Amino acid sequence: MYRYLEQRLAVRIMEFLRQRYPETALPAVVIEQPPKVALGDFAIPLFPFAKPLRSAPLKIAESIRSEIGSIEGIAEFRVAPPGYLNVRIDRAWLALAQALARDHVPKEEATSGKILVEHTSINPNKAAHIGHLRNAVLGDTFVRLLRYAGREVDVQNYIDNTGVQVADVVVGFTHLVKKSRPEIDVLAREPRFDYYCWDLYARVSQWYAQDKQNLQARSETLHAIEAGNNETAAVAETIASAVLRRHLETMERLDIEYDFLPRESEILHLHFWDAAFTKLKSAGVLTYENDGKNKGCWVMRRAGTGKSEGQQAEQALVQESGGERVLEEEDQKVIVRSNGTVGYVGKDIAYHMWKFGLLGQDFGYRKFYRYPNQHECWISAIEGEKHHPHFGGVAEVYNVIDARQSEAQSTVIEALRELGHNEAADHYTHFSYEMVALTPRCAAELGYALSEEDKTRPYVEVSGRKGFGVKADDLIDQLIVSAKSEVDSRHPELGDEERRSIARQIAVGALRYFMLKYTKQSVIAFDFKDALSFEGETGPYAQYAVVRANGIFNKAALDADEFARNVANKIPAEEFSQFLNGEATDEIWELWLSSSKTSYVVNQCIATTEPAYLAKHAFQLAQLFNAFYHRHPILSEPNEKRKQFLLATVAVVRRELTRTLAVMGITVPPVM
RNA sequence: GGGCGCGUAGCUCAAUUGGAUAGAGCACGGGAUUUCUAAUCCCGGGGUUGCAGGUUCGAUCCCUGCCGCGCCUACCA
């Protein structure tokens, strides 16, 4: 609603200025929000117009104010020094529209094709840790944002089941703990098999470090896995599938689901790379090196090394002095090794050609995992089932992958572009975010020995290889225990099962909110104190606001949704106007105004791939509501008309906050 | 060395992408409702936005140069 008004306002002002100054080239109209509601609801700075119109900003503001005429939904324009035009929304108009839940979604947005979001993508060789949680929560929330905006989305979780990481754990089973296949099969059915692998993986890394000779085992194992059809490959398959199931279970605890799990083994065995390789060679994207450091390899120009004119001149100089080789090699990215095997970037290029339907090949599909809601998650297979949904061939791709991979991601985009697929390259977004690290204090609490240098750092990087980090399930367990003890003490009247269910909702709310409140490019320095907090800017704070709102309607024996739907019939516009105008009611108006911003915020989150704005929106609504709740007794309000109006306010805020939390993947408990 | 990013209150982070008096949470100190349950609310101290220049009506944001920190820069994935 807010977004609709904003857009219409911008258009009207632009039209007005064009009409008045037909000969002049004008800058775009920017609409902002004034620092305080008392100033108005929109602010238009007119400084950029001063020069082209050769007039003072205040004068321009005044001429718009007095000449533009009336606009539906806008009550008043005010000129404010040093050069703003402040706009006041017709409060009763917006309130009625909000109460009716009318939302204007421009038609063109509902069009365009399917979107593919890839997230999670954990190597299936160890338990998920908090870094993976950030990825999955960001990805899942982004999926929910897109779906809220009416887009069709497929969720993929890429499984690298044939790489060194899986090979390392296989080495652990065969060389360190020396388990037989039947023994591994039994272990793989353990409820937390991924924890077992976590420890084993760390031991294998130490074992390699002890004696470089031990690395021989890794390379033999890796080759056997890649070749397939042998004992080692079968063991790897057992381990990777079992760990993958554990990851799906862990994410399911946070209400995160997937549609399709493409695996590297199929990319390999269905020869996706061969198809891609042919196209890359004939398009001249890859070049063969005849000598130098990368002799015998097929290489690509490293992304981000496009030569500017200055650099080209510099390179010419280097070439004259015989240094050409050195500089060029630095810009090379090896795609195919001299032994003929392809690296992961090459596989990624093939995979992304498939995503956009540019490869001319497809996976086989098999059912793999069924969620309690009957939703089916599919996995890639060499020979799939006859009937299956179609994945791939999408219009847009978002890859949720941490910032350390940005160079590799750019290389893939560059390859698509050089193949002539500019359309695809333009619709490929690397949803980049920073890692989760541990504060030195947190690392110490977990019993890790830190160097003196590390102790002085703001944070220490987690490492699966070293077994250094906080496991996802451990954190979820701790959050549930902590929430459960709070619920136990507050609600002894409830049954244990119900208290447990509430505790789970609170734990998920706390965790998901925690992962979303930081902007993407901020490194999260993880600390149990912050993550386990249920007060202040947290998920439970926002959940609690909704619980309070529900409490009012429960006590009044009213259905909040029904009340919101019918409120427009019960309260005439004049009454809205009466209760929303005047200085004293700015505080209540702010609730209505903020409530109208949900689709505006959703849009902003999608455009900037930044879900943190959603968390801020939820917090703002909750904060405004809690203050309002404290200040205005509602059920005891003597003026019946005012009471209806206050109830309407609660109903609308409740609806928008519940929606916002739902997009974040957070549900609201019955009581807290 | 090169590339990307960061530096804001004691701590953890925001700042609608160049706008009005730089805001929240935590921590600390003080206070509030026999009410729709206090996982709440109100008040308070706290800032030379790393440093120095520049661009303009206006800079936390853009440019240049320093200082400090992180990540990437493998014929690993």
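Chain naming here is simple, since letters A, B, ... match the order of the sequence lines and numbering starts at 1 in each. Computation of the quantities below employed the complete heavy-atom set of this structure, encompassing side-chain atoms and omitting hydrogens, waters and symmetry-equivalent molecules. Because the structure is a prediction, the values reported are computed rather than measured.
Residue-level contact check: Tyr518(A) touches the backbone only, with heavy atoms under 4.0 Å from sugar-phosphate atoms and none from bases. At a threshold of 4.0 angstrom between heavy atoms, the contacts of Asn550(A) with the nucleic acid are absent. Gln604(A) comes within contact range of the sugar-phosphate backbone alone, with a heavy-atom separation under 4.0 Å but no base atom that close. Within 4.0 Å of Leu222(A), counting heavy atoms only, lies no atom of the nucleic acid at all. Note on Asn626(A): only backbone sugar-phosphate atoms sit closer than 4.0 angstrom, heavy atoms only; bases stay farther off. Within the nucleic acid shown, Pro48(A) comes within 4.0 Å of at least one base atom, counting heavy atoms only.
The side chain to side chain contact (heavy atoms under 4.5 Å, CB included) with Phe553(A) is formed by just one residue from the set Leu635(A), Asp559(A), Leu647(A), Ile634(A); it is Leu647(A).
An OP1 or OP2 oxygen of rA20(B) is reached within less than 4.0 angstrom by no side-chain nitrogen or oxygen of Gln33(A). Residue Arg490(A) places none of its side-chain N or O atoms closer than 4.0 Å to OP1 or OP2 of rU37(B). Remark: Tyr541(A) is in phosphate contact with rC41(B), judged by side-chain N or O atoms under 4.0 Å from OP1 or OP2.
Nearest nucleotide to the Phe47(A) side chain, out of rC41(B), rC57(B), rU73(B): rC57(B). Comparing atom distances between the Glu32(A) side chain and each of rU40(B), rC36(B), rG19(B) picks out rG19(B) as nearest.
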- Item | Intra- and interstrand pairs of RNA chain B - dot-bracket, Watson-Crick/G-U under 3.5 Å, | marks other strand | (((((((..((((.....[...)))).(((((.......))))).....(((((..]....))))))))))))....
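With centroids closer than 5.5 Å and planes inclined by less than 30 degrees as the test, Tyr84(A) and the base of rA20(B) pass as a stacked pair.
Counting only N and O atoms by type, the side chains of Gln505(A) and Thr667(A) include a donor and acceptor under 3.5 Å apart. Inspection of the Lys597(A) and Gln33(A) side chains reveals an N or O donor paired with an N or O acceptor under 3.5 Å.
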Between protein and nucleic acid, restricted to nucleotides 68-70 of chain B and to nitrogen or oxygen atoms under 3.5 Å apart, what atom pairs and distances do you find?
| residue | atom | partner | partner atom | Å |
| --- | --- | --- | --- | --- |
| rG70(B) | OP1 | Arg457(A) | NH1 | 2.0 |
| rG70(B) | O2' | Tyr459(A) | OH | 3.3 |

- Task: Walk me through it: do Leu494(A) and Val671(A) pass the test side chain to side chain contact (heavy atoms under 4.5 Å, CB included)?
- Result: CA-CA 10 Å; Leu494(A) 298 177; Val671(A) 293; 3.8 Å; yes
